[in-house]
2 protein chains.
Amino acid sequence: MLRLTKKADYGLMALKYLAEHPDSVSVSAKDIADTYGIPPQLLAKVLQRLTKVGLLRSHAGMNGGYELSRAARTISAFEVIHAIDGPLFITSCTKGSKSCELEPSCTIKEPLARVNESIAGVLKSISIHDMAEDESTPGRVAEQPLVMLTSS
Amino acid sequence: MLRLTKKADYGLMALKYLAEHPDSVSVSAKDIADTYGIPPQLLAKVLQRLTKVGLLRSHAGMNGGYELSRAARTISAFEVIHAIDGPLFITSCTKGSKSCELEPSCTIKEPLARVNESIAGVLKSISIHDMAEDESTPGRVAEQPLVMLTSS
DNA sequence: TGAACTGCGACAAAAATAGTCCTATACTGA
DNA sequence: TCAGTATAGGACTATTTTTGTCGCAGTTCA
(Lines give C-alpha, C1' and ligand atoms only; values in the text may rest on other atoms or scores of the structure.)
Protein backbone atom coordinates (compact mmCIF):
# COMPACT_ATOMS: atom_id res chain seq x y z
CA MET A 1 0.00 0.00 0.00
CA LEU A 2 0.95 3.59 -0.38
CA ARG A 3 2.99 2.27 -3.21
CA LEU A 4 4.41 4.09 -6.15
CA THR A 5 3.24 2.69 -9.45
CA LYS A 6 5.82 0.99 -11.59
CA LYS A 7 5.45 3.71 -14.14
CA ALA A 8 6.55 6.23 -11.57
CA ASP A 9 9.40 3.95 -10.64
CA TYR A 10 10.41 3.67 -14.24
CA GLY A 11 10.21 7.39 -14.67
CA LEU A 12 12.43 8.02 -11.70
CA MET A 13 14.89 5.40 -12.85
CA ALA A 14 15.04 6.93 -16.28
CA LEU A 15 15.56 10.43 -15.00
CA LYS A 16 18.22 9.18 -12.69
CA TYR A 17 19.88 7.49 -15.61
CA LEU A 18 19.79 10.68 -17.61
CA ALA A 19 21.19 12.60 -14.69
CA GLU A 20 24.06 10.16 -14.55
CA HIS A 21 24.83 10.49 -18.22
CA PRO A 22 24.99 14.21 -18.85
CA ASP A 23 27.59 13.58 -21.52
CA SER A 24 25.22 11.77 -23.83
CA VAL A 25 23.36 14.36 -25.78
CA SER A 26 20.33 12.22 -25.94
CA VAL A 27 19.38 8.73 -24.87
CA SER A 28 16.67 6.63 -26.41
CA ALA A 29 13.89 5.00 -24.48
CA LYS A 30 15.14 1.68 -25.71
CA ASP A 31 18.60 2.25 -24.29
CA ILE A 32 17.23 2.92 -20.86
CA ALA A 33 14.71 0.12 -21.05
CA ASP A 34 17.46 -2.27 -22.00
CA THR A 35 19.78 -1.32 -19.20
CA TYR A 36 17.07 -1.72 -16.64
CA GLY A 37 15.24 -4.58 -18.24
CA ILE A 38 11.89 -2.89 -18.36
CA PRO A 39 9.30 -2.92 -21.16
CA PRO A 40 10.48 -0.47 -23.81
CA GLN A 41 7.07 0.57 -24.96
CA LEU A 42 5.91 1.27 -21.48
CA LEU A 43 8.97 3.29 -20.67
CA ALA A 44 8.48 5.14 -23.93
CA LYS A 45 5.06 6.25 -22.79
CA VAL A 46 6.36 7.36 -19.49
CA LEU A 47 9.08 9.40 -21.14
CA GLN A 48 6.59 10.87 -23.55
CA ARG A 49 4.54 12.00 -20.65
CA LEU A 50 7.53 13.51 -18.91
CA THR A 51 8.33 15.30 -22.13
CA LYS A 52 4.82 16.60 -22.36
CA VAL A 53 4.99 18.20 -18.95
CA GLY A 54 8.34 19.70 -19.78
CA LEU A 55 10.71 17.70 -17.66
CA LEU A 56 12.40 16.23 -20.69
CA ARG A 57 13.21 17.36 -24.17
CA SER A 58 12.93 14.85 -26.93
CA HIS A 59 13.96 14.60 -30.49
CA ALA A 60 12.86 12.01 -32.92
CA GLY A 61 14.73 10.37 -35.71
CA MET A 62 17.96 8.47 -35.76
CA ASN A 63 20.13 9.02 -32.74
CA GLY A 64 17.19 10.75 -31.24
CA GLY A 65 16.07 10.33 -27.69
CA TYR A 66 15.61 12.29 -24.51
CA GLU A 67 17.52 14.66 -22.33
CA LEU A 68 16.71 16.50 -19.14
CA SER A 69 15.27 19.89 -19.84
CA ARG A 70 16.67 21.28 -16.61
CA ALA A 71 19.41 20.51 -14.14
CA ALA A 72 18.80 17.31 -12.22
CA ARG A 73 19.16 19.30 -9.06
CA THR A 74 16.06 21.29 -9.86
CA ILE A 75 13.79 18.38 -10.65
CA SER A 76 12.01 16.92 -7.67
CA ALA A 77 10.73 13.41 -7.24
CA PHE A 78 7.40 15.02 -6.59
CA GLU A 79 7.23 16.52 -10.05
CA VAL A 80 8.04 13.25 -11.67
CA ILE A 81 5.55 11.26 -9.69
CA HIS A 82 2.91 13.88 -10.12
CA ALA A 83 3.43 13.95 -13.86
CA ILE A 84 3.13 10.22 -14.16
CA ASP A 85 0.67 9.17 -11.54
CA GLY A 86 -1.45 12.25 -11.60
CA PRO A 87 -2.60 14.80 -9.10
CA LEU A 88 -1.90 12.76 -6.12
CA PHE A 89 -2.75 11.59 -2.86
CA ILE A 90 -3.62 9.73 0.14
CA THR A 91 -7.32 9.94 0.57
CA SER A 92 -9.64 8.52 -2.00
CA CYS A 93 -11.92 11.49 -2.10
CA THR A 94 -9.89 14.62 -2.12
CA LYS A 95 -10.86 15.42 -5.63
CA GLY A 96 -11.01 19.14 -5.78
CA SER A 97 -14.12 20.88 -4.64
CA LYS A 98 -16.45 17.96 -4.53
CA SER A 99 -16.49 16.59 -1.07
CA CYS A 100 -16.79 13.01 -0.07
CA GLU A 101 -19.81 12.07 -2.14
CA LEU A 102 -22.91 11.79 -0.02
CA GLU A 103 -21.10 11.06 3.15
CA PRO A 104 -21.26 14.06 5.40
CA SER A 105 -18.88 12.09 7.49
CA CYS A 106 -15.40 11.65 6.21
CA THR A 107 -13.91 13.92 8.81
CA ILE A 108 -10.89 11.75 8.54
CA LYS A 109 -9.93 13.58 5.42
CA GLU A 110 -8.87 16.82 6.97
CA PRO A 111 -6.27 15.41 9.29
CA LEU A 112 -5.03 13.22 6.51
CA ALA A 113 -4.78 16.12 4.15
CA ARG A 114 -2.14 17.48 6.48
CA VAL A 115 -0.29 14.21 6.40
CA ASN A 116 -0.63 14.41 2.71
CA GLU A 117 1.10 17.73 2.57
CA SER A 118 3.90 16.42 4.69
CA ILE A 119 4.46 13.61 2.31
CA ALA A 120 4.36 15.93 -0.65
CA GLY A 121 6.94 18.00 1.16
CA VAL A 122 9.18 15.01 1.54
CA LEU A 123 8.87 14.20 -2.10
CA LYS A 124 9.50 17.76 -3.11
CA SER A 125 12.63 17.89 -1.05
CA ILE A 126 14.39 15.13 -2.91
CA SER A 127 15.73 15.83 -6.36
CA ILE A 128 16.77 13.62 -9.18
CA HIS A 129 20.27 14.73 -8.47
CA ASP A 130 19.97 13.51 -4.90
CA MET A 131 18.90 10.15 -6.14
CA ALA A 132 21.71 9.98 -8.60
CA GLU A 133 24.50 10.65 -6.22
CA ASP A 134 26.78 7.91 -5.06
CA GLU A 135 25.09 5.43 -2.81
CA SER A 136 27.82 5.81 -0.27
CA THR A 137 26.78 9.34 0.33
CA PRO A 138 24.83 9.29 3.54
CA GLY A 139 21.26 10.08 2.94
CA ARG A 140 20.16 13.12 4.70
CA VAL A 141 16.61 12.21 5.21
CA ALA A 142 15.28 12.37 8.69
CA GLU A 143 16.99 10.03 10.97
CA GLN A 144 14.32 9.09 13.25
CA PRO A 145 13.97 5.71 14.82
CA LEU A 146 12.10 3.94 12.14
CA VAL A 147 10.84 0.82 13.65
CA MET A 148 9.18 -1.26 11.08
CA LEU A 149 6.42 -3.15 12.65
CA THR A 150 6.78 -6.71 11.74
CA SER A 151 3.84 -8.03 9.93
CA SER A 152 1.84 -10.89 11.19
CA MET B 1 -1.46 7.54 -6.59
CA LEU B 2 0.12 6.95 -3.26
CA ARG B 3 -3.39 6.43 -2.12
CA LEU B 4 -4.63 4.80 1.01
CA THR B 5 -6.96 1.90 0.36
CA LYS B 6 -10.57 2.35 1.31
CA LYS B 7 -10.17 -0.29 3.92
CA ALA B 8 -7.51 1.78 5.60
CA ASP B 9 -9.76 4.79 5.33
CA TYR B 10 -12.58 2.89 6.89
CA GLY B 11 -10.35 1.67 9.64
CA LEU B 12 -9.17 5.16 10.46
CA MET B 13 -12.69 6.49 10.37
CA ALA B 14 -13.87 3.78 12.69
CA LEU B 15 -11.09 4.33 15.17
CA LYS B 16 -11.72 8.03 15.07
CA TYR B 17 -15.36 7.34 15.76
CA LEU B 18 -14.49 5.18 18.70
CA ALA B 19 -12.13 7.82 19.99
CA GLU B 20 -14.95 10.33 19.85
CA HIS B 21 -17.33 8.11 21.76
CA PRO B 22 -15.40 6.99 24.80
CA ASP B 23 -18.63 6.93 26.74
CA SER B 24 -20.10 4.09 24.75
CA VAL B 25 -18.76 0.93 26.20
CA SER B 26 -18.82 -0.76 22.88
CA VAL B 27 -19.96 0.13 19.40
CA SER B 28 -21.01 -2.37 16.77
CA ALA B 29 -19.58 -2.48 13.29
CA LYS B 30 -23.03 -1.86 11.97
CA ASP B 31 -23.43 1.32 13.98
CA ILE B 32 -20.27 2.76 12.53
CA ALA B 33 -21.01 1.53 9.04
CA ASP B 34 -24.41 3.15 9.22
CA THR B 35 -23.19 6.51 10.37
CA TYR B 36 -20.61 6.66 7.63
CA GLY B 37 -22.56 4.91 4.96
CA ILE B 38 -19.98 2.26 4.27
CA PRO B 39 -20.50 -1.46 3.62
CA PRO B 40 -21.09 -3.13 7.00
CA GLN B 41 -19.49 -6.42 6.10
CA LEU B 42 -16.41 -4.78 4.80
CA LEU B 43 -16.04 -2.62 7.84
CA ALA B 44 -16.61 -5.68 9.96
CA LYS B 45 -13.61 -7.34 8.39
CA VAL B 46 -11.50 -4.31 8.92
CA LEU B 47 -12.46 -4.16 12.55
CA GLN B 48 -11.82 -7.84 12.94
CA ARG B 49 -8.36 -7.31 11.63
CA LEU B 50 -7.74 -4.42 13.96
CA THR B 51 -8.93 -6.60 16.79
CA LYS B 52 -6.58 -9.33 15.75
CA VAL B 53 -3.56 -7.08 15.92
CA GLY B 54 -4.68 -5.80 19.27
CA LEU B 55 -5.77 -2.28 18.52
CA LEU B 56 -9.34 -3.08 19.42
CA ARG B 57 -11.13 -5.29 21.85
CA SER B 58 -14.30 -6.93 20.76
CA HIS B 59 -17.12 -8.72 22.35
CA ALA B 60 -19.83 -10.61 20.65
CA GLY B 61 -23.43 -11.00 21.52
CA MET B 62 -26.14 -8.49 22.13
CA ASN B 63 -24.92 -4.97 22.74
CA GLY B 64 -21.56 -6.25 21.74
CA GLY B 65 -19.13 -4.42 19.56
CA TYR B 66 -15.71 -2.88 19.67
CA GLU B 67 -13.72 -0.54 21.83
CA LEU B 68 -10.22 0.84 21.68
CA SER B 69 -7.80 -1.32 23.55
CA ARG B 70 -5.58 1.64 24.34
CA ALA B 71 -5.86 5.38 24.59
CA ALA B 72 -6.47 7.05 21.25
CA ARG B 73 -3.44 9.17 21.90
CA THR B 74 -1.20 6.14 21.78
CA ILE B 75 -2.48 4.69 18.55
CA SER B 76 -0.80 6.02 15.45
CA ALA B 77 -2.20 6.20 11.98
CA PHE B 78 0.79 4.16 10.96
CA GLU B 79 -0.24 1.23 13.11
CA VAL B 80 -3.72 1.25 11.70
CA ILE B 81 -2.65 1.47 8.12
CA HIS B 82 0.00 -1.12 8.63
CA ALA B 83 -2.45 -3.51 10.20
CA ILE B 84 -4.90 -3.16 7.37
CA ASP B 85 -2.83 -2.66 4.28
CA GLY B 86 0.11 -4.72 5.32
CA PRO B 87 3.79 -4.13 5.70
CA LEU B 88 3.93 -1.07 3.67
CA PHE B 89 5.52 1.02 1.25
CA ILE B 90 6.56 3.06 -1.59
CA THR B 91 8.70 0.96 -3.81
CA SER B 92 7.38 -2.11 -5.45
CA CYS B 93 10.34 -4.24 -4.62
CA THR B 94 11.34 -3.62 -1.08
CA LYS B 95 10.21 -6.99 0.03
CA GLY B 96 12.53 -7.93 2.78
CA SER B 97 15.83 -9.39 1.87
CA LYS B 98 15.18 -10.21 -1.72
CA SER B 99 16.43 -7.41 -3.83
CA CYS B 100 14.91 -6.17 -7.00
CA GLU B 101 14.54 -9.43 -8.86
CA LEU B 102 17.07 -9.85 -11.60
CA GLU B 103 17.60 -6.21 -12.13
CA PRO B 104 20.97 -5.23 -10.82
CA SER B 105 19.75 -1.77 -11.53
CA CYS B 106 17.05 -0.44 -9.33
CA THR B 107 19.38 1.95 -7.63
CA ILE B 108 16.37 4.14 -7.30
CA LYS B 109 15.26 2.08 -4.38
CA GLU B 110 17.78 3.23 -1.87
CA PRO B 111 17.02 6.90 -2.07
CA LEU B 112 13.35 6.10 -2.03
CA ALA B 113 13.71 3.90 0.98
CA ARG B 114 14.76 7.00 2.82
CA VAL B 115 11.74 8.87 1.61
CA ASN B 116 9.80 5.88 2.73
CA GLU B 117 11.05 6.20 6.24
CA SER B 118 10.14 9.84 6.30
CA ILE B 119 6.63 9.05 5.31
CA ALA B 120 6.40 6.35 7.91
CA GLY B 121 7.60 8.93 10.37
CA VAL B 122 4.84 11.30 9.41
CA LEU B 123 2.28 8.58 9.78
CA LYS B 124 3.68 7.58 13.13
CA SER B 125 3.53 11.12 14.37
CA ILE B 126 -0.18 11.42 14.02
CA SER B 127 -2.44 9.61 16.44
CA ILE B 128 -6.07 8.69 16.34
CA HIS B 129 -6.55 11.26 19.02
CA ASP B 130 -5.04 13.91 16.80
CA MET B 131 -7.44 13.01 14.07
CA ALA B 132 -10.38 13.07 16.42
CA GLU B 133 -9.77 16.45 17.87
CA ASP B 134 -11.69 19.46 16.78
CA GLU B 135 -10.85 20.49 13.27
CA SER B 136 -9.97 23.95 14.42
CA THR B 137 -7.13 22.63 16.50
CA PRO B 138 -3.98 23.05 14.54
CA GLY B 139 -2.55 19.75 13.59
CA ARG B 140 0.80 18.97 14.86
CA VAL B 141 1.92 17.14 11.85
CA ALA B 142 4.33 18.82 9.54
CA GLU B 143 5.82 21.21 11.93
CA GLN B 144 9.00 19.47 12.53
CA PRO B 145 11.60 19.36 9.87
CA LEU B 146 10.71 15.92 8.90
CA VAL B 147 13.11 15.51 6.21
CA MET B 148 16.08 17.27 5.35
CA LEU B 149 17.44 16.09 2.22
CA THR B 150 19.22 19.12 1.20
CA SER B 151 21.63 18.90 -1.50
CA SER B 152 21.81 22.57 -1.83
C1' DT C 1 14.61 5.75 -49.13
C1' DG C 2 14.91 3.22 -44.99
C1' DA C 3 16.44 2.57 -40.37
C1' DA C 4 15.94 4.32 -35.79
C1' DC C 5 13.53 7.27 -33.32
C1' DT C 6 9.30 9.72 -30.84
C1' DG C 7 4.02 10.28 -30.32
C1' DC C 8 -0.31 8.34 -29.40
C1' DG C 9 -4.67 5.90 -29.25
C1' DA C 10 -6.79 1.57 -28.53
C1' DC C 11 -6.57 -2.60 -26.62
C1' DA C 12 -5.67 -6.76 -23.68
C1' DA C 13 -3.86 -8.99 -19.65
C1' DA C 14 -2.99 -9.16 -14.96
C1' DA C 15 -3.24 -7.78 -10.38
C1' DA C 16 -5.03 -5.35 -6.60
C1' DT C 17 -9.24 -3.60 -4.35
C1' DA C 18 -13.74 -3.62 -3.03
C1' DG C 19 -17.61 -5.80 -1.79
C1' DT C 20 -20.88 -9.98 -1.05
C1' DC C 21 -22.42 -14.42 0.70
C1' DC C 22 -22.64 -17.97 3.74
C1' DT C 23 -21.79 -20.40 7.81
C1' DA C 24 -20.06 -20.86 12.46
C1' DT C 25 -19.51 -19.28 16.96
C1' DA C 26 -20.23 -16.26 21.09
C1' DC C 27 -22.85 -13.68 24.29
C1' DT C 28 -27.13 -11.61 26.31
C1' DG C 29 -31.37 -11.28 28.17
C1' DA C 30 -36.01 -12.58 28.62
C1' DT D 1 -32.95 -22.60 26.84
C1' DC D 2 -33.96 -20.16 23.10
C1' DA D 3 -34.15 -16.22 20.11
C1' DG D 4 -31.77 -12.32 18.68
C1' DT D 5 -27.72 -9.73 17.95
C1' DA D 6 -22.90 -9.67 17.41
C1' DT D 7 -18.27 -11.05 16.02
C1' DA D 8 -15.10 -14.46 13.10
C1' DG D 9 -13.77 -15.73 8.94
C1' DG D 10 -13.47 -18.45 4.48
C1' DA D 11 -14.79 -18.38 -0.36
C1' DC D 12 -16.29 -15.88 -3.96
C1' DT D 13 -17.43 -12.31 -7.39
C1' DA D 14 -17.17 -7.74 -9.19
C1' DT D 15 -14.83 -3.64 -10.16
C1' DT D 16 -11.05 -0.76 -10.83
C1' DT D 17 -6.32 0.14 -11.49
C1' DT D 18 -2.15 -1.03 -13.22
C1' DT D 19 0.72 -3.01 -16.50
C1' DG D 20 1.88 -4.18 -20.83
C1' DT D 21 1.14 -4.72 -26.11
C1' DC D 22 0.06 -3.45 -30.92
C1' DG D 23 -0.22 -0.75 -34.74
C1' DC D 24 0.39 3.24 -37.15
C1' DA D 25 1.77 8.02 -38.05
C1' DG D 26 5.28 11.58 -37.97
C1' DT D 27 10.51 12.90 -37.66
C1' DT D 28 15.21 12.91 -38.47
C1' DC D 29 19.27 11.62 -40.56
C1' DA D 30 22.55 9.32 -43.37
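Labels below follow one simple rule: chain letters A, B, ... track the order of the sequence lines, proteins then strands, and each chain is numbered from 1.
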> Between C/dT20, D/dT19, D/dG20, which one does the side chain of A/Pro39 approach most closely?
Replying inline: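 Nearest nucleotide to the side chain: D/dG20.
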>> Suppose we screen for side-chain contact (heavy atoms from CB on, under 4.5 Å). Which residues come up paired with A/Ser24, at least two apart in sequence or across chains?
In response: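 So A/Ser24 forms a side-chain contact (heavy atoms from CB on, under 4.5 Å) with A/His21, A/Val27.
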> Can you list the residues that meet the side-chain contact (heavy atoms from CB on, under 4.5 Å) rule with B/Leu42, with sequence neighbours excluded?
Replying inline: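 Testing B/Leu42 for side-chain contact (heavy atoms from CB on, under 4.5 Å), a comparison that skips the adjacent residues, returns B/Lys7, B/Tyr10, B/Pro39.
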How many whole angstroms separate atom [atom1] of [X] from atom [atom2] of [N]?
X       : N      : atom1 : atom2 : value
A/Asp85 : D/dT19 : CG    : C1'   : 12 Å
A/Leu4  : C/dA16 : CG    : P     : 15 Å
A/Leu42 : C/dA13 : CG    : P     : 17 Å
A/Leu50 : C/dT6  : CG    : P     : 13 Å
A/Leu43 : C/dC8  : CG    : C1'   : 15 Å
A/Ile38 : D/dT18 : CD1   : C1'   : 15 Å
A/Glu67 : C/dT6  : CD    : P     : 13 Å

> Partners of A/Lys30 by salt bridge (Lys or Arg N to Asp or Glu O under 4.0 Å), sequence neighbours excluded?
Replying inline: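 By the salt bridge (Lys or Arg N to Asp or Glu O under 4.0 Å) rule, A/Lys30 matches A/Asp34.
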> So, the side chain of B/Arg73 versus the backbone of B/Ser127: is there a donor-acceptor pair under 3.5 Å, distance only?
Replying inline: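 A pair under 3.5 Å: no.
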> How does protein contact run along nucleotides 1-10 of chain D, one letter per nucleotide 5' to 3', with B for base contact, S for sugar-phosphate only, - for none, heavy atoms under 4.0 Å?
Replying inline: ---BBSSBBB
Pairs of donor and acceptor atoms involving the side chains of residues 63-71 of chain A, under 3.5 Å and at least two apart or interchain, shall be tabulated with distances.
from    : atom 1 : to      : atom 2 : distance (Å)
A/Ser69 : OG     : A/Gly54 : O      : 2.6
A/Ser69 : OG     : A/Leu55 : O      : 3.1
A/Arg70 : NH1    : A/Thr74 : O      : 2.7
A/Arg70 : NH2    : A/Glu79 : OE1    : 2.5

> Can you pull the salt bridge (charged side-chain N to carboxylate O under 4.0 Å, His left out) pairs that have at least one residue in residues 36-48 of chain A, sequence neighbours excluded?
Replying inline: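 Every pair satisfying salt bridge (charged side-chain N to carboxylate O under 4.0 Å, His left out) with a residue in residues 36-48 of chain A: there are none.
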